[in-house]
Amino acid sequence: MATSLSEPTKKRILQVCVKLFLEQGYRKTTMAEIIEQAGVSSSSFQNIFRAKDGVLTELVRFMFENQFAMARSAASAKLPPVYVYAVETAIQMTLTELNENLREIYIEAYTQKDACEYIQHETAKELYRIFGSYQPELTERDFYELEIGSAGVMRGYMSHPCDEEFTLEKKLRLFFLMSLRAYNVPKEEMNQVIRFVEELDIRAISEQVMQKLFQALAMHYEFSLQELMQETEGKETDRKGDNE
């Protein structure tokens, strides 16, 4: 565990990692690259984070806390909890369609043990709060066990990019049909929730959340948002050009 003496080193490592993960992707970022750009020794890195996935877990904590707060704001506080859940989930899945490096971070987050367990435990608390009344016999632990399955489904859909046939709208509808049934949401209410999300401009909302998320990351980890946005926008433009 990091001590107070290691906090400046930890901060430099996080600054470099966040910038590199968002600029070039999690998998392409090497330990050697992180150590060189952060100006730290290999032993210092390992004492604080153990490995690259340790940095991912720290980043995931920050991203999920801020992402859900931003999603709730976008969804409107007046909505019933099940609608807020649907909007939060739709935004999360849409973010992975807007930015390939974010897609990779999310997929890794749902794959790496520590990061995935954090997501599952934190999500289970929300699920129990939102869906507990639909299945009053279930405990928070039961919702954690349900989330193990739904997180796997979420990862599967995130890892499969949309195309002309497998559209974002279809992906979201299929996910909601499975997840809301698992949480025992009545069919009519489930259909209302799905229609509500389909009527939103979820891409525009997610774009706003992504910009705010990048701003929050840049402020927290102290790097240039303008440089990051130019880098990621340029790569997204190149990727779309290659697909045309």
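Bear in mind the structure is a predicted one, so any value in this text is a computation, not a measurement.
- For the side chain to side chain donor-acceptor pair (under 3.5 Å) test, no residue two or more places apart in sequence or in another chain qualifies with Arg61.
- A donor-acceptor distance shorter than 3.5 angstrom exists from the side chain of Glu97 to the backbone of Cys162, with no hydrogens or angles considered.
- Thr96 pairs by the side-chain contact (heavy atoms from CB on, under 4.5 Å) definition with Arg103, Tyr106, Met158, not counting sequence neighbours.
- Side-chain atoms of Val55 and Met31, non-hydrogen and from C-beta on, never get closer than 4.5 Å to each other.
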Worked check of side-chain contact (heavy atoms from CB on, under 4.5 Å) between Val209 and Phe214: CA-CA 9 Å; Val209 170; Phe214 280 177; over 6 Å; no

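- Listed by chain and number, the residues in a side chain to side chain donor-acceptor pair (under 3.5 Å) with Glu33 are Gln24 (sequence neighbours excluded).
- Remark: the backbone N or O of Asp163 is not paired with any side-chain donor or acceptor of Thr167 at under 3.5 angstrom.
- Side-chain contact check for Arg155 and Thr111: at least one donor-acceptor pair (N or O, by modelled atom type) lies under 3.5 Å.
- Shown here are the side chain to side chain donor-acceptor pair (under 3.5 Å) partners of Glu58, two or more places apart in sequence or in another chain: there are none.
- Here the side chain of Asp201 pairs a donor or acceptor atom with the backbone of Ala204 at under 3.5 angstrom.
- At least one side-chain heavy atom of Val60 sits under 4.5 Å from a side-chain heavy atom of Ile119.
- In this structure, Arg12 and Val16 have side chains that are not in contact, with every pair of non-hydrogen atoms separated by 4.5 Å or more.
- Residue pairs meeting the ring pair (Phe, Tyr, Trp, His ring centres under 6.0 Å) criterion with at least one member in residues 122-155, sequence neighbours excluded: Tyr85-Phe131, His121-Tyr144, Tyr128-Phe143, Phe131-Tyr134, Phe131-Tyr183.
- In the model, Gln211 has no side-chain atom that pairs as donor or acceptor with a side-chain atom of Gln215 under 3.5 Å.
- Judged as a side chain to side chain donor-acceptor pair (under 3.5 Å), and not counting sequence neighbours, Ser133 has no contacts.
- Of the residues listed (Ser42, Ser43, Ser44), the one engaging Gln46 in a side chain to side chain contact (heavy atoms under 4.5 Å, CB included) is Ser42, and it is the only one.
- Salt bridge status for Glu198 with Arg195: absent, with no side-chain N to carboxylate O gap under 4.0 Å.
- Put simply, the side chain of Glu104 does not reach to within 4.5 Å of the side chain of Lys28, judged on heavy atoms.
- Side-chain atoms of Lys10 and Asn47, non-hydrogen and from C-beta on, never get closer than 4.5 Å to each other.
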